[in-house]
Structure formats: C-alpha cells, structure tokens
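This is a predicted model, so every value here is computed, not measured. These numbers come from the heavy atoms of this one structure, side chains and all, not from hydrogens, waters or symmetry mates.
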Amino acid sequence: MSFKFNFGDADSDSETENDSILPGSKLQTGFLPPQFYTLKDLVSKIPCNLSYTSVQITHSKLLPRRELYDVRMQIMAEDNVNEKISSQKETSVGLGNEDILSQVYEGGLKTWECSIDLVKYLEDEATLLPTASRFLELGCGTALPSLYLFSQLLQINQPGCFTLTLADYNIDVLTLVTMPNLFLTWILTTQPYLPAEGDVDVTPALVDAFLADVEGRGIEIRFVSGGWCAEMVYGMGGEYDLILGSETIYSLGTMPAFVEVLLGSLKANGRGVVAAKKLYFGVGGSIADFSDAVKRFESWEMSLIREIGDAGVGRVIVEVKKER
C-alpha cells in the first residue's frame, strides 16, 4: 500500500483508492481537532511557583518532573470559583482514578515505563542527535524523551536551527505538565547546582531569560493538542528527522491514525522510534498489530532495535523507516 491521506472525493467509488487508505487519516468521531501553539503561548500559563522532583534515568542522568500535587493545587487555585470546571480539568489531566479515558484523557500525566526505556535508548545512541534538526514526540505527556533531547540541545555550544514539536491529546496536559517540565529542564541544565527536587519561583525575569536563551540557541519549540489525523500532519509541517513515541499503540482504534501521522511526518530518510509493551492486556494493542499496520504501506518497514527483559510484561523499542 502506498502512503496517502484520505482527502479525495468522498463519493468516489474507486476500489483501488479505497483499498490504499486507512481510516485514521480523517479525525475520528468524538476526538478533539488539532490545535497548534507556540512556546510563548504556553510559557505564559506557567504558575509563579513550581514544585518538582526528578526521574533517575541513569546513575548520572536526571530529568525533572513537576509534582502531581502541585498540578492539583494550581487547578484548585485557578478554578476555585467553579468546582465543576475544576473536576473536569482534573479528569482531563489524569488526576482521577483512571489511567486512560478514551477521548478525554490518554494517560498524559503518568510517567510510563516505556518513556524511560526510550530515554535510556537515546542516551546510549548518541549518534542520533548530530545529524538531526527536527524532532517530534507524539503522545508526549510528561515528555521525558523530549526533555532529554532538549537538555542535549542546550549543551551545544553554538547556535543551531532546531525544531522540537510536542504533541499530546490534551491541551491541559501540555499546559500543566509538558510546558513546566521543559521549563524545569532548562533551569536544571543551565543551573546544574540546583537540587534534584524542590521549588522554583517563576519570575517574569526568569521567563524572559528562558525565552531569550532558547531563541538565541536557535531552538524552536512547538506544541500540538488534539486527535491524530491528516490535519495535524499538515499543521506540523512534516519532514521530521526523528519522531518518538512511547506507549502510543495501546489502542487498536487509534493505531491506524497514529501510524499515518508517524509516516506522514517523517522525512524520506527520517527515523521513527517507538517504545511499547509487547501486548496491552485488556486494551487490545500489541507490537505485532503495530508491525502489521506499518507493513500495509509500501516501502515502509519496522524493525526491533531493543528488547527490555525486566520482569512483567515484555517491552521493546522498534524503529520505523523507509526501506532502502
């Protein structure tokens, strides 16, 4: 099957054309449409104080993460005049009892173990970065893989021309978790004497310094919310060198759309790297289903690049790219 988005004549009865299209190219019913944001759009939403801890990746690598109680406190402070709105926002960012609520919350607040697997892989494969300038993380949530990439870009001593795009279904997740985590990564990378956990006062001067430093380094940061579809691909601009995803293939219902966004956003010699469990019990997705979904498109292939042998459900990291 050749790669193609479903934007042809809806009344067309061409059997060949219909056979070459997966249904995920159009936004699925009930899902939020894509919305696009700049760094300035979201940095303005950071509260005046952030409480954070750090995730231990390796013995020498820590990545900051905003504390969950701090997220809850911000929601309560902003929405204390309307308890219904506060409750809805807590649900949308995953502060309820459910790990996933389809079309509402897709797990963005939790740090999933496969995201840590993916960061460890990036740490080991240092050759990925020097040849790449456009990065995308799909289903980013707390965004550990992107935080790692960002921290590496901040250590380059000369200005470049980089694009880092972070996509999550929920704008509340991007605002309350993803953006603060990026900001904290900048602080802890540029001011390494700070402790691995604690509180940071977010002053206007600190925000201005963050924006100026990121711009001066030639790093453009973008954000996208909403469901996976062709409109998202077009809005992001495509041509990414490296696309990352972790725990993004758990649902058979959204897997075709994820595959189309992944393939449609990669440049010809780009790489997609996806970390996932071999099988998602009770949900339906599996790495075998993901492989089948990729193989439906001509000239694309998926290969196993790492297997994690911890106890419990097996986890893997796979690479998706065009056949040579």
Note to self: Has S115 got a side-chain atom pairing as donor or acceptor with W112's backbone, closer than 3.5 angstrom?
What the structure shows: yes
Note to self: A quick test of your reading: do over 12 heavy atoms of other residues, nucleotides or ligands sit less than 6.0 Å from CD of E215?
What the structure shows: no
Check: For K267, does its backbone N or O pair with a side-chain atom of E239 as donor and acceptor, under 3.5 Å?
Finding: no
Checklist line | Side chain T185, main chain N181, donor-acceptor under 3.5 Å | finding: yes
Next item on the list: Could you tell me whether a side-chain N or O of Q191 sits under 3.5 Å from a main-chain N or O of Y193, the two making a donor and an acceptor?
Entry: no
Margin query: Quick one about S151 and K61 (side-chain donor to acceptor, distance below 3.5 Å, no hydrogens or angles considered), yes or no?
Written below: yes
Notebook entry, point to check: Do the side chains of W228 and L262 get nearer than 4.5 Å, heavy atoms only?
Noted result: no
Margin query: Check R271 with D241, please: is the shortest side-chain N to carboxylate O separation under 4.0 Å?
Written below: no
Next item on the list: For D292 and R296, run salt bridge (Lys or Arg N to Asp or Glu O under 4.0 Å): C-alpha distance rounded to whole Å, both residues' side-chain angles, the deciding distance at 0.1 Å, then the answer.
Entry: CA-CA 6 Å; D292 290 342; R296 293 188 65 183; over 6 Å; no
Check: Side chains of I57 and E123: closer than 4.5 Å at any heavy-atom pair?
Finding: no
Check: Could you walk me through whether Y52 and E67 pass the side-chain hydrogen bond (donor to acceptor under 3.5 Å, both in side chains) check?
Finding: CA-CA 5 Å; Y52 69 94; E67 290 276 23; over 6 Å; no
Next item on the list: State whether a side-chain donor-acceptor pair under 3.5 Å links R222 with T163.
Entry: no
Notebook entry, point to check: Are a donor atom and an acceptor atom from the side chains of T165 and Y240 found within less than 3.5 Å of each other?
Noted result: yes
Check: Taking only residues two or more places apart in sequence or in another chain, which ones pass salt bridge (Lys or Arg N to Asp or Glu O under 4.0 Å) with D289?
Finding: none
Notebook entry, point to check: Would you say the side-chain atoms of T38 and D41 include a donor-acceptor pair closer than 3.5 Å?
Noted result: yes
Margin query: Using a 3.5 Å distance criterion without hydrogens, assess whether the side chain of T178 forms a donor-acceptor pair with backbone atoms of G141.
Written below: yes
Note to self: Under the rule for ring-ring contact (aromatic ring centres under 6.0 Å, His included), what residues qualify as partners of F210, not counting sequence neighbours?
What the structure shows: F183, W186
Notebook entry, point to check: Passes salt bridge (Lys or Arg N to Asp or Glu O under 4.0 Å), K322 versus E301? Steps please.
Noted result: CA-CA 6 Å; K322 278 199 168 184; E301 62 182 1; over 6 Å; no
Notebook entry, point to check: Run the salt bridge (Lys or Arg N to Asp or Glu O under 4.0 Å) check on R306 and D124 step by step: do they pass?
Noted result: CA-CA 11 Å; R306 178 167 294 188; D124 294 340; 3.1 Å; yes
Notebook entry, point to check: Ignoring hydrogens and geometry, is there a side-chain-to-backbone donor-acceptor pair from Y250 to M255 under 3.5 Å?
Noted result: no
Next item on the list: Output the distance between atom CG (D70) and atom CG (N49), rounded to the nearest 0.5 Å.
Entry: 6.5 Å
Margin query: Between E307 and R315, is the salt bridge (Lys or Arg N to Asp or Glu O under 4.0 Å) condition met? List the steps.
Written below: CA-CA 6 Å; E307 189 161 4; R315 307 193 306 276; over 6 Å; no
Next item on the list: Would you please test T111 and R65 for side-chain hydrogen bond (donor to acceptor under 3.5 Å, both in side chains) and show each step?
Entry: CA-CA 9 Å; T111 298; R65 178 182 61 184; 2.9 Å; yes
Checklist line | Verify same cluster id: M73, I75 (apolar side-chain graph, 4.5 Å) | finding: no
Item checked: Side chain proximity check, F162 to R217, heavy atoms < 4.5 angstrom -> no
Notebook entry, point to check: Under 4.5 Å between any side-chain heavy atoms of F150 and F135, yes or no?
Noted result: no
Note to self: Using a 3.5 Å distance criterion without hydrogens, assess whether the side chain of D168 forms a donor-acceptor pair with backbone atoms of N170.
What the structure shows: yes
Check: Between S225 and Y37, do the side chains contain an N or O donor and an N or O acceptor separated by less than 3.5 Å?
Finding: yes
Item checked: Heavy-atom pair with the smallest gap, counting every atom of D213 and T190 -> OD2-CG2, 4.1 Å
Notebook entry, point to check: Around E197, counting heavy atoms of other residues, nucleotides and ligands shown, do more than 12 lie under 6.0 Å from its CD?
Noted result: no
